[in-house]
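Here's the structure we're looking at; comments come further down.
Throughout, numbering of the chain's residues begins at 1 and tracks the sequence.
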Amino acid sequence: MPRRPFVGGNWKSNGSVESAKTLCAALSSGSVAYRNKVEVVICPIAPHINLVSKLLRKSPIKVAAQNVSASAEGAFTGEISPGQLKDSRIEWTLIGHSERRSKFGETDAITATKIEQCQKASISVIFCIGELLEEREAGKTDEVNKRQLDAVYSQIEDWKKIVVAYEPVWAIGTGKVATPDQAQDAHAAIRKMIASAVSEEVANGVRILYGGSVTPENCKELITKPDIDGFLVGGASLKPTFTDIITACVPPPILKKPKFVKVDGISPAAKGVNLFGKVVSAATKVDASDDLMEVLVGDETGAVTLSIRGDRAKDCEVGMTVRVQNAHVAMIKGFIRLAVDKWSALKPADAEDTVASVNESKNISAVEYELTNN
């Protein structure tokens with residue numbers, strides 16, 4: 001089951017009543033494009049929660065708290081408990097944001113207690129993790145993320161109420177952003193950590209967001225990565241163009257009755273490609289990548305290289321015919337690759353769709369194209 005994309009907007013300590021009204025009007029008017037396709041949660045300042053909830057009541061957008069108490073109700077001046085959020089019909093909260101960790105002393109132990117309280121109150125959590133610049137430069141990204149995750153595993157019983165947000169601290173509000181490959185590597189590692197500590201089922205189902213100077217421009221490539229399921233957006237969520245980030249996460253439709261093409265029907269600009277291909281060679285790992293594999297497939301009209309992330313390449317056994325749906329052409333240094341990403345389907349073909357022979361002499365992935373800026 002594909003993971004439903006998720007976008008969170010963290011307004012931090014920003015905004016006025018008037019700016020909240022303007023933003024909510026833009027969000028409501030743009031929601032038709034992503035309704036039922038992308039889950040959206042907005043985190044305004046506490047005094048605006050009720051106002052924003054009312055302004056967005058006819059939209060699919062939900063409202064969250066930016067912080068929650070580690071305690072239940074009682075003599076805790078200034079605190080808001082998970083139970084009180086529930087009583088106020090607030091379904092979500094942030095926990096563990098780097099600004100809470102670094103500026104307000106929120107430790108791993110405190111985040112664990114907060115999650116425990118939220119689980120008891122049935123409050124959903126966007127749980128933030130991420131490393132400092134000096135930790136990344138020291139090669140400790142995975143170590144930091146693992147430590148922050150390890151602290152909370154024992155407190156989580158219902159993983160359907162958890163979304164993980166990876167936010168490299170050095171990229172938050174700085175204008176710097178992790179490259180798509182850097183972000184994908186971190187997300188893939190996080191998913192493996194959860195698989196090891198909890199289960200493959202939980203890891204495959206949990207949504208992992210990227211946060212850190214996300215914009216309408218850089219989000220489009222980031223969301224194509226297989227382990228990036230959406231974004232937690234800071235400054236850019238305070239602008240009407242935040243809706244562009246949300247709509248960029250809408251999965252492309254997969255046709256119920258797709259039209260299948262032959263290999264020689266694939267062009268350098270092709271998108272939404274569907275084909276049947278016989279596997280010609282075993283999957284090989286791409287240099288300098290942990291999880292990118294390549295497989296040569298073809299039919300009687302030619303052959304093409306599939307570029308596959310994750311473990312799906314293991315199902316491509318030499319001699320079998322595979323069914324590929326909704327792939328797209330990627331040009332890598334002038335050579336065609338048919339990219340099978342998280343929104344593509346790859347599975348064994350039915351018996352009647354078996355490819356008998358492959359014309360390996362016409363390998364379209366072996367033809368170099370001249371790349372231009374046009």
Side-chain angles (χ1 to χ4, degrees), residues 2-3 5 178-188 191 204 208 210 218-230 248-255 258-299 301-316 320-349 355 358 362-372:
R3 295 180 294 271
T179 67
D181 286 340
Q182 284 176 324
Q184 165 58 27
D185 289 346
H187 281 231
R191 203 174 298 284
N204 290 334
I208 305 175
Y210 173 76
N218 62 33
C219 71
K220 296 175 182 177
E221 186 175 1
L222 285 162
I223 194 59
T224 65
K225 298 301 182 182
D227 289 297
I228 297 178
D229 302 313
C249 296
V250 174
I254 297 178
L255 300 177
K259 179 181 179 181
F260 289 86
V261 300
K262 298 294 185 180
V263 170
D264 64 358
I266 300 174
S267 68
K271 297 179 180 179
V273 177
N274 308 301
L275 61 77
F276 296 106
K278 185 176 183 179
V279 180
V280 177
S281 62
T284 57
K285 184 178 178 181
V286 177
D287 291 342
S289 175
D290 288 335
D291 65 343
L292 184 61
M293 307 290 286
E294 290 189 342
V295 178
L296 186 67
V297 304
D299 56 25
T301 67
V304 63
T305 298
L306 302 183
S307 178
I308 309 170
R309 281 199 182 273
D311 60 358
R312 288 194 289 176
K314 72 178 186 301
D315 297 323
C316 295
M320 73 182 297
T321 299
V322 293
R323 174 188 177 118
V324 179
Q325 286 181 254
N326 213 41
H328 68 274
V329 168
M331 296 296 293
I332 302 176
K333 296 182 179 179
F335 293 92
I336 280 183
R337 294 293 185 269
L338 191 59
V340 181
D341 60 19
K342 64 182 177 183
W343 289 320
S344 306
L346 172 67
K347 61 182 181 180
V355 173
V358 178
K362 189 177 180 182
N363 183 351
I364 65 172
S365 293
V367 178
E368 185 174 7
Y369 288 80
E370 181 179 356
L371 299 179
T372 67

Using modelled atom types and a 3.5 Å cut-off, is there a donor and acceptor pairing between side-chain atoms of [X] and backbone atoms of [Y]?
X    : Y    : value
Y210 : P180 : no
N326 : G272 : no
R3   : N204 : yes
T301 : D264 : yes

Taking all non-hydrogen atoms of both residues, which atom of [X] and which atom of [Y] are closest, and how far apart?
X    : Y    : value
A339 : A327 : O-CB, 3.3 Å
P268 : V329 : O-CG1, 3.2 Å
G230 : C249 : CA-SG, 4.4 Å
V295 : A313 : CG2-CB, 4.4 Å

Validation row: [X], [Y] side chains within 4.5 angstrom (heavy atoms):
X    : Y    : result
V324 : N274 : no
S365 : F335 : no
L346 : D315 : no
I266 : I364 : yes
R312 : V340 : yes
I223 : K342 : yes
R191 : D229 : yes
R323 : P348 : no

Distance alone, cut at 3.5 Å: any donor-acceptor contact between the side chains of Q184 and D227? yes
When rounded to the nearest 0.5 angstrom, what distance separates [atom1] in [X] from [atom2] in [Y]?
X    : Y    : atom1 : atom2 : answer
Q325 : K259 : CD    : NZ    : 15.0 Å
L292 : R337 : CG    : CZ    : 9.5 Å
L296 : T305 : CG    : OG1   : 5.0 Å
H328 : D341 : NE2   : CG    : 5.0 Å
I228 : H187 : CD1   : NE2   : 5.0 Å
S307 : I336 : OG    : CD1   : 13.0 Å

side-chain contact (heavy atoms from CB on, under 4.5 Å) partner of V355, chosen from V297, V279, L275, T321: T321
Classify the ring geometry between F276 and F260 as parallel (under 30°), tilted (30 to 60°) or perpendicular (over 60°). parallel
By side chain to side chain donor-acceptor pair (under 3.5 Å), N363 pairs with (sequence neighbours left out) none
For D181, enumerate each residue passing the salt bridge (Lys or Arg N to Asp or Glu O under 4.0 Å) test, keeping only those at least two apart in sequence or located in another chain. K225, R309
